[in-house]
Amino acid sequence: MPPLRMAALDYSHGHQYSYTRAMLQLPMVEFVALADADPDRRGQAEALVRQFKAGVAICEDYHDLLAREDVEAVVICSPNADHHRMTLDAAQADKHVLCEKPLAITTAQAEEMIHVCEEEGVFLGTAYPCRFAPVIWEMKHRVEAGEIGQILSLSATNHLCSMLSGWFVEPERSGGGCIRDHIVYALDLCRWFSGREPVEVYAEAATLARPELAVEDVGMLVITFEGGLIGTIDPSWNRPPNWTRWGDVTLRILGTEGVIEGDITAQAISCTTDTTRWLSYGESMDYYLLKNFAESVLAGRPPLVTGWDGRMGVATIEAAYESIRTHRPMPIAG
Amino acid sequence: MDRPVIICGGPDIEARTRAYLQLVGRRRVSVASQIGEFSEAIVDVRGGLASKRLIPAWQQHGCTVISDSPLARTLAQSQELIERGNLLLTLPSLYDHRYQLVLQQTAQGAIGDLITVRLIRLLPMQSPLWNSITFTYVLDPLAVLQALGGPVERIMVQERALRRGRPDTLFAVGRFKGGAIFYLELSAAYPSRYQSERIEVVGAEGILEYDSDRNRSLRLLTTAGGALHDPLYEPPLFRMLRDYLRCMNDASAMEEHCERAQAALELLFRTIVSAQAHEAR
């Protein structure tokens, strides 16, 4: 089977560099093009690509990339507010899409993205790599094998060091702060493990770690899933800038027969010089995210993480912001 | 101190007996389930509401009562008991070395202005559970939260009966009047021998973390089984009881304790109402 010819569309989100590395390494992918309007980011991406391969097309305007017939699928890592428009453009150019989280700013946008991709006959995936972290796979395997029995509650964190800048902290381009950016991974894990959709959320949030920001940087959420199952998420960007890690993604699941806990950042060694850093030795979850997307598209089936998974994240974000505004639990549009 | 001590109910009766033996001397310690001919005794009562029904009578006899939560079924009844005087509510975490260090570092400004607090206590399902997780266990961590962040602006609570037929798990999210936000998770529904305690206090300039799973100083493994401990010369129970005995001879210390207990009780009942009404309180 010929490889899937893929391209990277926008490097505004730094995850795109890791996705590009994965695409360049995967045997079932041929990385054919990249696009970014910013010359610095474009140059950085080009330098990365050159380490692996020559002959990759470099575009300033992403429309030029979408016009190329040798591109079958794109990975979009633009500022959040552009996900909707770029996904529609890509789908209408007959490209499969893997879109960075959060899928969109509004649930209506996310639904339109799903609808247009279906109409155009292309697959839409949401870039939730945490499902592909080895520790999460191991947890999933054990939970499905019944080792902890039936799931009773889920508690998750997705912290980040307080260091974000640029479009991430510009509300009109990001759509918000840690609630927008950091609940979707943990929420997706809760949905995936429990097999239940979120139906209600209560959230608190504030701008405290860096009061000068125009977006919230700390938050806590209690989410009710179908059947009354409770999940909690702490998505705060509240780790000190000199913390040993970039952040964390942790999940603790209580079941009728036991408890299982995982931390995707825990596979690391500590290196101390003038500072202490944790150096990860875990396998790249981004690699397996891209592998699953490419294999799925080649096999003609949806990827493991679909547009609907992204849409549920966006719907929960919307309800969380409403809860923060009203101080009340809010229903999540299902 | 010449007053006799009567120890009633509760799962830790042996530990309390040992503490009183050291604090007030052997001959003054007795164990009883009901008050008899004693007056002006120190009555240390623990357990469910049934074991608390004699508190007013003890107070009337001039006894000083040391009690855990629950004190009474309603906030008004609980407050009335405290207002009668000579009643000390157990708040052991405030005397726990871990919490004292966290409180001290926070108060000294080691991490700057408070941003977030996470407090998680997970207990095995064999742990005592009177009525509900909220009645049994929430007063103490609420006192810790208030000691860390001051008065609470609002709290939203969800209780669940996960494994024990009555509410055994609680999730709470809230905000202090000072602006910081908090998360509290309590459960007495975890597997046998599982016990975990996590404290995370984040400030604008740093972070304080404690995780009992990572911080045990002693690990014991024998053919009979294993155990993890943090051995302490002065256990929190001992430190708390010593301070409470001091309060009994110091009116201002007693008043300070009562104010702290009233504040924790008031928040406890907001917690109960929030869980029942499914609204932030």
Side-chain angles (χ1 to χ4, degrees), chain A residues 148-155 157 159 161-162 178 200-211 216-224 228-244 248 250 252 254-261 263 266 323-324 326-329, chain B residues 111-118 120 122 124-125 153-164 168-176 178-185 187 189-196 198 200-209 211 213-214 274 277-281:
Chain A
I148 63 161
Q150 187 186 343
I151 291 177
L152 297 173
S153 69
L154 306 106
S155 305
T157 65
H159 295 117
C161 289
S162 179
C178 68
E200 184 190 90
V201 61
Y202 179 85
E204 289 281 352
T207 309
L208 295 172
R210 289 167 62 200
E216 77 285 350
D217 58 11
V218 294
M220 306 277 180
L221 299 90
V222 179
I223 298 170
T224 308
L229 180 72
I230 293 278
T232 66
I233 300 173
D234 178 348
S236 302
W237 297 342
N238 64 353
R239 269 35 194 168
N242 60 348
W243 212 45
T244 52
D248 67 31
T250 70
R252 169 168 37 86
L254 175 65
T256 51
E257 308 298 328
V259 58
I260 191 164
E261 298 179 69
D263 177 354
S323 172
I324 291 160
T326 61
H327 310 313
R328 299 172 66 88
Chain B
I111 56 168
D113 292 340
L114 196 66
I115 290 177
T116 57
V117 179
R118 287 173 63 83
I120 298 171
L122 310 174
M125 61 182 296
E153 173 82 26
R154 61 180 170 270
I155 185 168
M156 174 73 197
V157 181
Q158 297 235 36
E159 277 187 331
R160 285 290 185 278
L162 297 183
R163 300 179 81 187
R164 302 181 64 175
D168 55 23
T169 300
L170 171 150
F171 305 91
V173 165
R175 187 166 187 152
F176 295 107
I181 61 177
F182 63 85
Y183 171 71
L184 174 65
E185 181 178 347
S187 180
Y190 272 69
S192 165
R193 289 194 293 276
Y194 185 101
Q195 188 152 349
S196 185
R198 297 162 204 193
E200 180 192 290
V201 184
V202 184
E205 293 161 28
I207 180 168
L208 292 162
E209 293 176 277
D211 183 339
D213 295 339
R214 295 177 186 165
S274 171
H278 196 53
E279 287 177 3
R281 290 297 168 120

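Letters A, B, ... are given to chains in the order of the sequence lines, protein chains preceding strands, and every chain is numbered from 1. Any value given below was found using the heavy atoms of this structure, including those in side chains, with hydrogens, waters and symmetry copies removed.
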Whatever's closer than 4.5 Å to a heavy atom in chain B on A:Ser162 counts as neither
To the nearest 0.5 Å, atom CD of A:Glu261 lies from atom OG of B:Ser196 at 6.0 Å
Quiz item: Can you check whether A:Leu152's main-chain N or O pairs, donor with acceptor, with B:Arg160's side chain at less than 3.5 Å?
Solution: no
Counting heavy-atom pairs under 4.5 Å with chain A, the top scorer among B:Glu279, B:Glu209, B:Glu205 is B:Glu209
Whatever's closer than 4.5 Å to a heavy atom in chain B on A:Asn242 counts as neither
If one checks every heavy atom of A:Arg210 against chain B at 4.5 Å, the contacting part turns out to be neither
The interface call for B:Val202 against chain A, heavy-atom contacts under 4.5 Å, is side chain
Turns out that what part of B:Tyr194 lies under 4.5 Å from chain A's heavy atoms comes down to side chain
Turns out that what part of B:Glu159 lies under 4.5 Å from chain A's heavy atoms comes down to neither
Indicate whether any N or O donor in one side chain lies under 3.5 Å from an N or O acceptor in the other, for B:Glu153 and A:His327.
-> no
Shortest non-hydrogen pair, B:Gly179 vs A:Ala206, comes out as O-CB, 4.4 Å
Interatomic distance, OG1@A:Thr224 vs CD@B:Gln158, rounded to 0.5 Å, equals 4.0 Å
Okay, A:Glu200 and chain B: the region with an atom under 4.5 Å from a heavy atom over there is side chain
* Asked: Got A:Val222 and B:Met156 here, is their nearest side-chain heavy-atom distance under 4.5 Å?
  -> no
To the nearest 0.5 Å, atom OH of A:Tyr202 lies from atom CD1 of B:Ile155 at 9.5 Å
Interatomic distance, CD1@A:Ile233 vs OH@B:Tyr183, rounded to 0.5 Å, equals 10.0 Å
Turns out that what part of B:Ile111 lies under 4.5 Å from chain A's heavy atoms comes down to neither
| Donor-acceptor under 3.5 Å (A:Arg328 side chain, B:Ala280 main chain) | no
